[in-house]
Amino acid sequence: MDLLDTLTAKGLRGEVPTREEALAVLATTDDELLDVVAAAGKVRRRWFGRRVKLNYLVNLKSGLCPEDCSYCSQRLGSKAEILKYTWLKPDQAAEAARAGVAGGAKRVCLVASGRGPTDRDIDRVTDTMAAIKDADPAVEICVCLGLLSDNQAERLKAAGADAYNHNLNTSEGTYGDIATTHTYADRVDTVQKAHGAGLSACSGLIAGMGESDEDLVDVVFALRELGSDSVPVNFLIPFEGTPLAQEWNLTPQRCLRILAMVRFVNPDTEVRIAGGREVHLRSMQPLGLHIANSIFLGDYLTSEGQAGQADLDMIKDAGFEVEGAGEATLPRHRADVAEAAQAAGGCGTAASACGSGPCGGHANAAPAPEAVADAPPAGEPGNDELRSDLVKVRRRGAGTELAPNA
């Protein structure tokens with residue numbers, strides 16, 4: 001197929017497709033699906049080899065959110081039967097994080113419900129990050145606290161945060177259909193604040209909310225323009241008790257096409273299969289690994305994921321390997337720029353003004369010939385060692401007798 005040949009060639013050079021080409025990926029047929037996956041797989045392997053980065057969620061504060069995001073089980077007025085609790089203590093969060101690290105997670109994602117953090121909340125998270133880093137100084141920490149105020153990103157960076165997550169979720173044109181208590185521009189502003197402070201920008205989308213192909217392409221190109229270093233692709237879990245409870249719009253084939261489109265638009269960026277992969281990809285999850293280079297291990301914020309052991313088995317059986325703590329996730333040309341930006345305390349300007357890539361237009365620069373995914377360093381633990389240390393997956397939900405995230 002000429003389209004896939006073109007997209008593969010562009011992806012191998014680190015070039016971005018046109019909007020028309022991205023839309024054409026979403027319009028491919030089921031008969032063409034394996035060809036689409038194979039083409040996206042070539043691009044994925046060019047930049048990330050066969051490594052899979054594992055991420056682990058710790059829900060610091062659950063439920064009781066004043067925002068009205070239609071997709072969220074923690075939203076204002078939600079009737080979803082989820083656990084609701086206030087802030088975990090630093091030692092509780094650190095214990096939860098250790099479970100993920102023992103299973104091979106390289107990044108711990110600290111998430112708290114709410115519109116955005118207060119200064120006291122930043123202090124709480126600072127103490128939590130210190131407790132986690134004391135136990136494992138090498139672990140990456142990504143923080144997700146909602147909309148940021150001035151200087152809060154700088155405080156998180158100074159306290160040891162590596163990244164900040166704030167998803168755009170959907171296109172600017174349809175954002176008002178899923179939330180009214182804040183705007184798309186508010187979300188863009190927070191990503192820019194995080195990026196400007198030298199934090200790695202983690203921002204993605206939610207597919208399956210009734211959006212059009214054009215909406216999906218719009219948000220993915222917007223994420224590229226913002227310079228997101230990692231793009232989580234969530235597939236809507238239609239929670240009972242939320243306005244989108246009846247939105248069952250996805251098939252495994254549709255999910256794979258969406259992942260492929262995201263990969264082609266972000267050839268050298270971490271693409272993560274996030275919430276809903278078990279629900280919507282189902283038995284086709286291993287095919288997703290040929291496109292994305294990152295997943296969450298175990299459970300999500302308010303829903304159960306696939307058992308952590310099953311995740312590790314899936315990675316190994318599909319011929320992939322867990323990315324080690326000593327390996328850089330991003331290709332060398334992107335990692336070098338990101339490290340320079342972090343050392344300088346950020347680019348000091350809005351990411352959209354800088355252009356694509358970590359802190360500016362560098363991601364569009366021609367990669368050096370050696371910018372190929374590095375081989376795993378000698379001595380890094382393989383799947384067998386990780387599996388023997390895996391902590392049993394948690395089970396969260398209404399009525400559980402387990403402490404949250406324990």
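Every heavy atom of this structure was used, including side-chain atoms; hydrogens, water molecules and symmetry mates were not.
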*I291 and side-chain contact (heavy atoms from CB on, under 4.5 Å): which partner among I258, L259, V233, V36?*
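Going through I258, L259, V233, V36 one by one, the side-chain contact (heavy atoms from CB on, under 4.5 Å) with I291 is satisfied by L259 alone.
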
Would you say the side chain of [Y] lies within less than 4.5 Å of the side chain of [X], judging by non-hydrogen atoms?
X	Y	answer
L250	V279	no
F221	V16	yes
Q152	D119	yes
L88	T128	no
C142	V108	no
V231	V265	no
R277	R282	no
V125	W87	yes

Within the 3.5 Å criterion, strictly below it, is a donor on [X] or [Y] matched to an acceptor on the partner's side chain?
X	Y	result
R115	H182	no
D123	T126	no
S200	D229	yes

*Might you work through the side chain to side chain contact (heavy atoms under 4.5 Å, CB included) test for L312 and L54, ending with a clear yes or no?*
CA-CA 9 Å; L312 294 177; L54 297 182; 3.6 Å; yes

Should the pair [X]-[Y] be classified as a salt bridge under the 4.0 Å nitrogen-to-oxygen rule?
X	Y	answer
K10	E15	no
R257	D30	yes
D121	R124	yes
R224	D268	yes
E321	R50	no

For the side chain of [X] and the backbone of [Y], is there at least one donor-acceptor N/O pair under 3.5 Å apart?
X	Y	answer
W47	G11	yes
D68	T181	yes
S294	V271	no
D186	T183	yes

_Whether H280 and F235 hold their rings parallel, tilted or perpendicular, with breakpoints at 30° and 60°_ =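 Taking F235 first and then H280, their aromatic rings stand perpendicular (interplane angle over 60°).
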
_Between K53 and E270, is the salt bridge (Lys or Arg N to Asp or Glu O under 4.0 Å) condition met? List the steps._
CA-CA 9 Å; K53 181 176 182 177; E270 177 186 351; 3.6 Å; yes

Nearest 0.5 Å, what's the [atom1]-[atom2] distance between [X] and [Y]?
X	Y	atom1	atom2	answer
T8	K42	OG1	NZ	5.5 Å
N169	T174	CG	OG1	10.0 Å
L205	T170	CG	OG1	8.0 Å
L244	S73	CG	OG	12.0 Å
L287	L34	CG	CG	6.5 Å
L330	T269	CG	OG1	7.0 Å

*Within a reach of under 6.0 Å around CD of E240, are more than 12 heavy atoms found that belong to other residues, nucleotides or ligands?*
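Not more than 12 within 6.0 Å, no.
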
*Go through V143 and N165 one step at a time and tell me if the side chain to side chain contact (heavy atoms under 4.5 Å, CB included) criterion holds.*
CA-CA 6 Å; V143 183; N165 167 257; over 6 Å; no

*Which of these, R334, R107, R51, E323, sits in a side-chain hydrogen bond (donor to acceptor under 3.5 Å, both in side chains) with T329?*
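Only one of R334, R107, R51, E323 forms a side-chain hydrogen bond (donor to acceptor under 3.5 Å, both in side chains) with T329, namely E323.
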
If you compare all heavy atoms of [X] against all heavy atoms of [Y], which two are closest, and at what distance to 0.1 Å?
X	Y	result
G100	L297	O-CD2, 3.9 Å
R272	C202	NH1-SG, 3.6 Å
M284	P252	SD-CB, 3.4 Å
V220	N266	CG1-ND2, 3.6 Å
I178	M209	CD1-CE, 3.9 Å
A201	G227	CB-O, 4.1 Å

*Would a line drawn from the ring center of H195 to the ring center of Y164 be shorter than 6.0 Å?*
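No, the ring of H195 stays outside the 6.0 Å limit from the ring of Y164, centre to centre.
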
*Test salt bridge (Lys or Arg N to Asp or Glu O under 4.0 Å) applied to K157 and D162, step by step*: CA-CA 7 Å; K157 171 66 177 174; D162 299 287; over 6 Å; no

*Q192 and V188: side chain to side chain contact (heavy atoms under 4.5 Å, CB included), yes or no, with the steps?*
CA-CA 6 Å; Q192 291 175 340; V188 169; 3.7 Å; yes

*Apply side chain to side chain donor-acceptor pair (under 3.5 Å) to the pair D218 and S171, showing each step before the final yes or no.*
CA-CA 6 Å; D218 282 349; S171 69; 4.7 Å; no

_Determine whether D136 and R98 satisfy the following criterion, salt bridge (Lys or Arg N to Asp or Glu O under 4.0 Å), listing intermediate values before the conclusion._
CA-CA 8 Å; D136 188 346; R98 280 195 292 273; over 6 Å; no

_CA sep, side-chain torsions, deciding dist, call: L26, R254, side chain to side chain contact (heavy atoms under 4.5 Å, CB included)_ = CA-CA 8 Å; L26 298 178; R254 171 74 168 168; 4.2 Å; yes

